[in-house]
Amino acid sequence: MLALSELFLALLAILLAAHYLKLQWTRRRYPPGPTPLPIIGNLWTLRFELRNETLVQLAKTYGNVYTLWVGQKPMIVVNGYEAVRNALVSHSEDLTGRPTSPFFMELMGEKGVIATSGHTWKQQRRFALSTFRNLGLGKNGLEHRIQKEAQHLLETFSREKGNPIDPSQSLVHTVSNVISGVVFGHRFSIEDPIFHQLLEAVNLTISAQNSLLRWIYDLFPQLMRLLPGPHHNVFQHYHIFLNFIEREVKNHRENPEENPQDYIGFYLDQISKTRDDPGSTYTEENMVQMVADLFLTGTETATTTLRWALLYMVAHPDIQSEVQKELDAVLGPSQVIEYEDLKKLPYTNAVIHEILRYGNIVSVGIPRQALKNTEIQGFHIEKGTTVLPNISSVLYDPECWETPKQFNPRHFLDQEGKFINRDAFLPFSAGHRMCLGEQLARIELFIFFTNLLRAFTLRLPEGVKEVRLDFILLATLQPHPYKICAIPRKTKKMPSDL
């Protein structure tokens with residue numbers, strides 16, 4: 001018996017050694033990087049998390065383009081403004097692919113827009129952008145919907161009468177109702193149990209993406225499918241989410257409208273129009289996943305950004321006061337705030353840009369995949385290789401920002417106080433695969449933020465002396481739970497005719 005166990009251990013050692021030597025030989029084809037271990041690669045180096053601080057520290061040793069091994073697969077990490085811009089802009093077409101993983105294949109499959117590449121991704125993205133325009137993005141239609149949700153948000157804050165509140169629930173309800181109107185054609189009551197089910201699915205999906213559980217699942221997918229654990233809870237809630245979307249699609253089919261009023265309606269029309277087109281990817285499966293992609297990203301990113309925005313205003317009351325002074329000086333006390341007003345508010349515009357830069361909720365960014373052999377900063381990148389552009393390293397690049405680790409709206413103002421944009425401002429990424437919902441997110445952030453600051457002064461609750469500005473690392477960078485007091489401003493009447 002002892003001899004068998006010793007033989008097994010010897011064979012295991014030989015296999016690990018052979019794997020290690022093969023890995024060392026293979027990695028010569030890629031940019032330099034830390035030495036990977038058998039099976040787990042460099043995940044131990046990363047502590048099973050993708051953190052900007054770790055990636056930047058590694059860049060000091062290996063350069064701005066280096067290789068990490070995620071299990072047995074190479075991932076090229078790109079750091080700093082020059083290298084990231086070279087990858088995402090100069091070689092944008094080459095890097096429009098999305099790498100697949102067992103976890104996301106189980107969750108989403110190769111459908112929709114988040115997890116797809118090539119023809120499917122191009123067709124789904126193009127249709128989503130055209131549908132957004134048809135629904136009024138950039139026009140009064142969709143903006144009016146956002147303004148109505150802003151009014152609901154003001155009323156919710158006003159009911160608290162300056163008492164301490166956690167704004168998270170109100171913000172997620174407001175933001176999700178904007179994207180709900182876009183994809184479903186209706187909004188949810190905050191008490192609606194279905195609404196809470198959808199948010200639970202969003203939260204679990206976001207929480208799982210940069211977790212130890214996800215990395216283990218990708219390393220040992222067949223084993224993890226058999227073992228019990230919280231990953232099954234993630235999949236279960238996500239399928240509940242998809243089932244709700246399927247019911248919405250069924251309801252649209254049973255109650256068709258002559259002129260579509262939402263994304264599902266437009267997509268059903270597109271399916272009918274392209275039914276005989278062999279190159280069409282307009283299917284019900286893609287439609288359901290597209291709606292899930294839009295709801296998931298449209299809810300999470302804008303909500304998290306607004307949570308940081310309010311927290312920064314509490315942490316920097318002087319900046320909050322300057323925004324309020326500008327709003328009072330430029331906008332009438334009951335004027336409906338429109339996105340066009342942004343051009344007249346340079347300081348407020350700079351503050352919002354700094355919220356996006358300094359908050360940088362997407363952390364290191366989303367991996368790309370090379371669709372053909374390409375080159376980044378002189379390094380050859382083979383077709384099929386995963387490339388991770390570290391967006392945080394750009395937004396905090398000391399060569400691009402005067403005070404990268406400080407919240408400083410002056411980054412976006414010239415000496416005369418006029419707004420200036422910056423080339424290194426890439427919170428929505430860059431190139432062909434930049435954020436699909438950038439324009440919607442910008443409009444939401446501006447209208448919700450300015451309405452709140454015009455109506456209220458945000459303060460810490462009595463007895464609370466410090467603001468916690470460190471983050472919780474999930475798929476996005478989340479603030480720790482907090483409470484604030486929204487004190488109605490005496491000089492301000494809330495607009496009622498939105």
Side-chain angles (χ1 to χ4, degrees), residues 111-114 116 119-152 173-189 192 194-195 198 241-299 302 336-340 435-444 446-448 497-498:
K111 301 185 290 290
V113 71
I114 292 177
T116 55
H119 178 59
T120 299
W121 167 74
K122 287 183 179 179
Q123 202 166 69
Q124 298 300 316
R125 180 185 172 90
R126 191 183 305 120
F127 179 76
L129 289 170
S130 69
T131 303
F132 279 175
R133 289 192 293 271
N134 290 333
L135 290 171
L137 184 60
K139 305 173 186 176
N140 290 333
L142 192 50
E143 187 168 325
H144 185 65
R145 184 190 298 275
I146 297 170
Q147 290 164 343
K148 288 176 67 176
E149 291 301 333
Q151 176 63 21
H152 289 302
H173 182 240
T174 297
V175 170
S176 66
N177 269 331
V178 173
I179 196 64
S180 294
V182 170
V183 296
F184 302 130
H186 62 80
R187 70 190 304 274
F188 292 96
S189 163
D192 191 329
I194 293 178
F195 167 72
L198 297 183
F241 179 30
L242 296 181
N243 288 338
F244 169 77
I245 298 172
E246 289 168 356
R247 291 197 299 272
E248 286 283 331
V249 172
K250 181 180 179 182
N251 183 58
H252 277 68
R253 274 210 173 97
E254 293 174 350
N255 301 278
E257 294 178 321
E258 185 175 346
N259 297 308
Q261 301 297 315
D262 53 49
Y263 188 84
I264 292 176
F266 275 103
Y267 204 111
L268 287 171
D269 271 9
Q270 188 70 6
I271 290 176
S272 297
K273 292 175 183 176
T274 59
R275 198 175 302 278
D276 298 326
D277 180 359
S280 171
T281 63
Y282 300 112
T283 64
E284 184 160 329
E285 293 78 11
N286 268 322
M287 172 175 55
V288 170
Q289 187 57 55
M290 274 299 303
V291 172
D293 288 351
L294 294 172
F295 187 90
L296 182 74
T297 56
T299 296
V336 175
I337 298 176
E338 299 177 347
Y339 188 60
E340 189 71 16
C435 176
L436 172 63
E438 176 182 356
Q439 188 177 4
L440 178 61
R442 285 179 177 270
I443 297 172
E444 286 181 295
F446 174 71
I447 290 178
F448 294 146
D497 185 19
L498 292 181

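Treat the numbers as computed from the prediction; the structure is a model and nothing was measured.
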Give me the atom names and distance for the closest heavy-atom approach of [X] to [Y].
| X | Y | result |
| --- | --- | --- |
| Gly298 | Val175 | O-CG1, 3.3 Å |
| Ala150 | Ile447 | CB-CG2, 4.0 Å |
| Ala128 | Leu436 | CB-CD2, 3.9 Å |
| Asn286 | Gly112 | OD1-N, 2.9 Å |
| Val291 | Ile264 | CG2-CG1, 3.9 Å |

Legend entry - Any side-chain heavy-atom pair of Gln270 and Thr131 under 4.5 Å: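 No, every pair of side-chain atoms sits at 4.5 Å or beyond.
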
Inset, instruction - Taking the side chain as every heavy atom from C-beta outward, state whether Leu198 and Phe188 have any pair of such atoms under 4.5 Å apart. - result: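 Result yes, sub-4.5 Å side-chain heavy-atom pair found.
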
For [X], give me all partners under side-chain hydrogen bond (donor to acceptor under 3.5 Å, both in side chains), at least two apart in sequence or on another chain.
| X | result |
| --- | --- |
| Asn251 | Asn255 |
| Thr120 | none |
| Lys122 | Glu93 |
| His119 | none |

Legend entry - Under 3.5 Å donor-acceptor, Gln147 side chain and Val336 backbone: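 The answer is no, because no donor-acceptor pair under 3.5 Å joins these two groups.
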
Legend entry - Donor-acceptor pair, side chain of His252 and main chain of Pro260, under 3.5 angstrom: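 No, because the side chain of His252 does not come within donor-acceptor range (under 3.5 Å) of the backbone of Pro260.
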
I need the [X] [atom1] to [Y] [atom2] distance, nearest 0.5 Å.
| X | Y | atom1 | atom2 | value |
| --- | --- | --- | --- | --- |
| Lys148 | Ile146 | NZ | CD1 | 12.5 Å |
| Arg187 | Arg145 | CZ | CZ | 10.0 Å |
| Asn177 | Phe195 | CG | CZ | 6.5 Å |
| Thr116 | Gln289 | OG1 | CD | 9.0 Å |
| Ser176 | Leu296 | OG | CG | 12.0 Å |
| Ser130 | Leu135 | OG | CG | 9.5 Å |

For [X], check side chain to side chain contact (heavy atoms under 4.5 Å, CB included) against everything at least two apart and list the hits.
| X | value |
| --- | --- |
| Asp277 | Thr274, Ser280 |
| Asn243 | Glu246, Arg247 |
| Thr174 | Glu149, Leu153, Phe448 |
| Leu137 | Phe132, Leu142, Gln439, Leu440, Ile443 |

Inset, instruction - Tell me, please, which residues at least two apart from Glu340 pass salt bridge (charged side-chain N to carboxylate O under 4.0 Å, His left out). - result: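 Glu340: salt bridge (charged side-chain N to carboxylate O under 4.0 Å, His left out) contacts with Lys343.
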
Inset, instruction - List in chain and number order the residues that pass salt bridge (charged side-chain N to carboxylate O under 4.0 Å, His left out) with Arg125, two or more places apart in sequence or in another chain; answer none if no residue qualifies. - result: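 Listed in chain order: nothing, the list is empty.
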
Legend entry - Derivation of the side-chain contact (heavy atoms from CB on, under 4.5 Å) call for Lys250 and Glu254: CA-CA 6 Å; Lys250 181 180 179 182; Glu254 293 174 350; 3.0 Å; yes

Inset, instruction - Indicate yes or no: does Lys111 engage Glu284 in a salt bridge with an N to O separation below 4.0 Å. - result: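 Salt bridge absent between Lys111 and Glu284.
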
Inset, instruction - Could I get the full list of ring-ring contact (aromatic ring centres under 6.0 Å, His included) partners for Phe127, not counting sequence neighbours? - result: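 ring-ring contact (aromatic ring centres under 6.0 Å, His included) check on Phe127 returns Tyr263, Tyr267, Tyr282.
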
Legend entry - Pairs meeting criterion salt bridge (charged side-chain N to carboxylate O under 4.0 Å, His left out) with involvement of residues 257-268, two or more places apart: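 Applying salt bridge (charged side-chain N to carboxylate O under 4.0 Å, His left out) to every pair that reaches into residues 257-268, excluding sequence neighbours, yields nothing.
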
Inset, instruction - Determine, step by step, whether Phe295 and Phe244 satisfy the side-chain contact (heavy atoms from CB on, under 4.5 Å) criterion, reporting the C-alpha distance in whole Å, the side-chain angles of both residues, the deciding distance to 0.1 Å, and the verdict. - result: CA-CA 12 Å; Phe295 187 90; Phe244 169 77; over 6 Å; no

Inset, instruction - Scan side-chain atoms only and decide if His186 and Gln261 contain a donor-acceptor pair under the 3.5 Å cut-off. - result: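 No - no donor-acceptor pair under 3.5 Å links their side chains.
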
Legend entry - Polar side chain donor-acceptor pair, Gln124 to Thr281, under 3.5 angstrom: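 The answer is yes; a qualifying pair exists.
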
Inset, instruction - Give the intermediate values and the outcome of side-chain contact (heavy atoms from CB on, under 4.5 Å) for residues Val113 and Leu294. - result: CA-CA 9 Å; Val113 71; Leu294 294 172; 5.6 Å; no

